[in-house]
Amino acid sequence: MNILIATEKNCVSEFLTSHINRELAAKIHIKKNASDSIDFILNERPHIAIIDIDINEMNGIELCETLENQSQKTYMMLFSDKDEDYIKIAAYEAGFDDFIKNPSHPKLFRKKLKRISERLTMENGEAKSIRYNNLIIDKSKYIIQHKDISYTLPKKQFLIYSLLCEKPGKVFTREYIYEKVWKEKMDTTNRSVDVHI
């Protein structure tokens with residue numbers, strides 16, 4: 001997932017980057033002025049763009065208005081330390097999809113971001129990677145990465161592992177795991193899931 005952060009403030013980009021990295025497997029791009037941000041949105045079409053209301057050259061609302069619906073594939077979020085209703089109304093009228101108050105409660109911000117990411121993933125097809133704690137599970141390459149180390153597992157073990165990491169804390173039945181991984185109904189005497197786990 002590609003995410004743009006458009007802000008001239010280092011404290012804002014650091015706050016957003018640290019919390020995005022805790023929740024998502026994403027490539028983050030930081031732009032410090034409006035013209036570079038607009039070019040990036042139009043040319044790269046990031047999945048999410050988080051635009052600071054105070055940015056060089058123009059404010060965040062003017063930046064969104066400049067795009068004139070050319071950013072429809074990008075989920076646009078306005079980041080602001082002001083939360084008066086007239087600002088929110090102007091943001092939505094300019095084309096923003098969401099509004100983030102600064103300082104935002106970090107856990108709330110991460111949950112919001114995760115939900116947006118899940119929705120965008122559902123709209124664009126199945127997720128190609130999952131982030132769980134410090135692990136990045138790359139479903140397209142069957143690789144699990146922890147920091148700078150990559151691990152490979154046999155295909156069925158990898159599929160079981162990624163299934164469990166997609167919904168941490170959820171209890172899965174043996175039959176459910178078998179049907180998801182082997183793509184067929186399970187015979188009652190089959191112990192393949194037990195063996196692979």
How would you list, by chain and number, every residue that makes a salt bridge (charged side-chain N to carboxylate O under 4.0 Å, His left out) with E93, sequence neighbours excluded? none
State which residues pass salt bridge (charged side-chain N to carboxylate O under 4.0 Å, His left out) with K88; sequence neighbours excluded, sorted by chain then number. none
Quick one: does [X]'s side chain get under 4.5 Å of [Y]'s, heavy atoms only?
| X | Y | answer |
| --- | --- | --- |
| K101 | S80 | no |
| L63 | S37 | yes |
| I38 | K31 | no |
| F79 | F99 | no |
| Q145 | Y151 | no |
| I50 | I100 | yes |
| M77 | I51 | no |

How many angstroms lie between [atom1] in [X] and [atom2] in [Y], if you round to the nearest 0.5 Å?
| X | Y | atom1 | atom2 | value |
| --- | --- | --- | --- | --- |
| K170 | L164 | NZ | CG | 11.0 Å |
| D83 | L78 | CG | CG | 11.5 Å |
| S150 | D138 | OG | CG | 9.0 Å |
| I48 | I3 | CD1 | CD1 | 4.5 Å |
| L67 | L42 | CG | CG | 5.5 Å |
| D97 | Y75 | CG | OH | 5.0 Å |

Donor-acceptor pair, distance only, cut-off 3.5 Å: does the side chain of [X] make one with the backbone of [Y]?
| X | Y | result |
| --- | --- | --- |
| E23 | K111 | no |
| H29 | L4 | no |
| N2 | H47 | no |
| T74 | P46 | yes |
| N56 | K32 | yes |

Show every donor-acceptor pair shorter than 3.5 Å between a side-chain atom in residues 156-163 and any protein atom, with sequence neighbours excluded, or say none if there are none.
| residue | atom | partner | partner atom | Å |
| --- | --- | --- | --- | --- |
| S162 | OG | F158 | O | 3.2 |
| S162 | OG | L159 | O | 3.1 |

Shortest non-hydrogen contact from [X] toward [Y]:
| X | Y | answer |
| --- | --- | --- |
| E57 | S35 | OE1-N, 2.8 Å |
| A94 | E65 | CB-CG, 3.5 Å |
| T7 | I55 | N-CD1, 3.9 Å |

Parallel under 30°, tilted from 30 to 60°, perpendicular over 60°: which one fits the rings of F109 and H19? perpendicular
Contacts satisfying salt bridge (Lys or Arg N to Asp or Glu O under 4.0 Å) that involve residues 5-21 (not counting sequence neighbours) are K9-D52, K9-D54
Can you list every salt bridge (Lys or Arg N to Asp or Glu O under 4.0 Å) pair that touches residues 172-186, not counting sequence neighbours? R174-D194, E179-K185
L153 and Y142: side-chain contact (heavy atoms from CB on, under 4.5 Å), yes or no, with the steps? CA-CA 7 Å; L153 294 175; Y142 292 91; over 6 Å; no
Does R22, at its CZ atom, have more than 12 non-hydrogen atoms belonging to other residues, nucleotides or ligands within less than 6.0 Å? no
Test F96 against Y92 for ring pair (Phe, Tyr, Trp, His ring centres under 6.0 Å), laying out the working first. CA-CA 5 Å; F96 279 100; Y92 290 123; 8.3 Å; no
Before giving the answer on side-chain contact (heavy atoms from CB on, under 4.5 Å), spell out for I137 and I143 the whole-Å C-alpha distance, their side-chain angles and the decisive distance to 0.1 Å. CA-CA 6 Å; I137 301 154; I143 293 172; over 6 Å; no
Can you check side-chain contact (heavy atoms from CB on, under 4.5 Å) on D98 and M76, steps first, answer last? CA-CA 7 Å; D98 208 340; M76 302 287 290; over 6 Å; no
Those residues that, when tested against I30, pass side chain to side chain contact (heavy atoms under 4.5 Å, CB included) (two or more places apart): I5, S13, T17, I28
If two hydrophobic side chains count as joined below 4.5 Å and joins carry through other members, does Y86 share a cluster with I53? yes
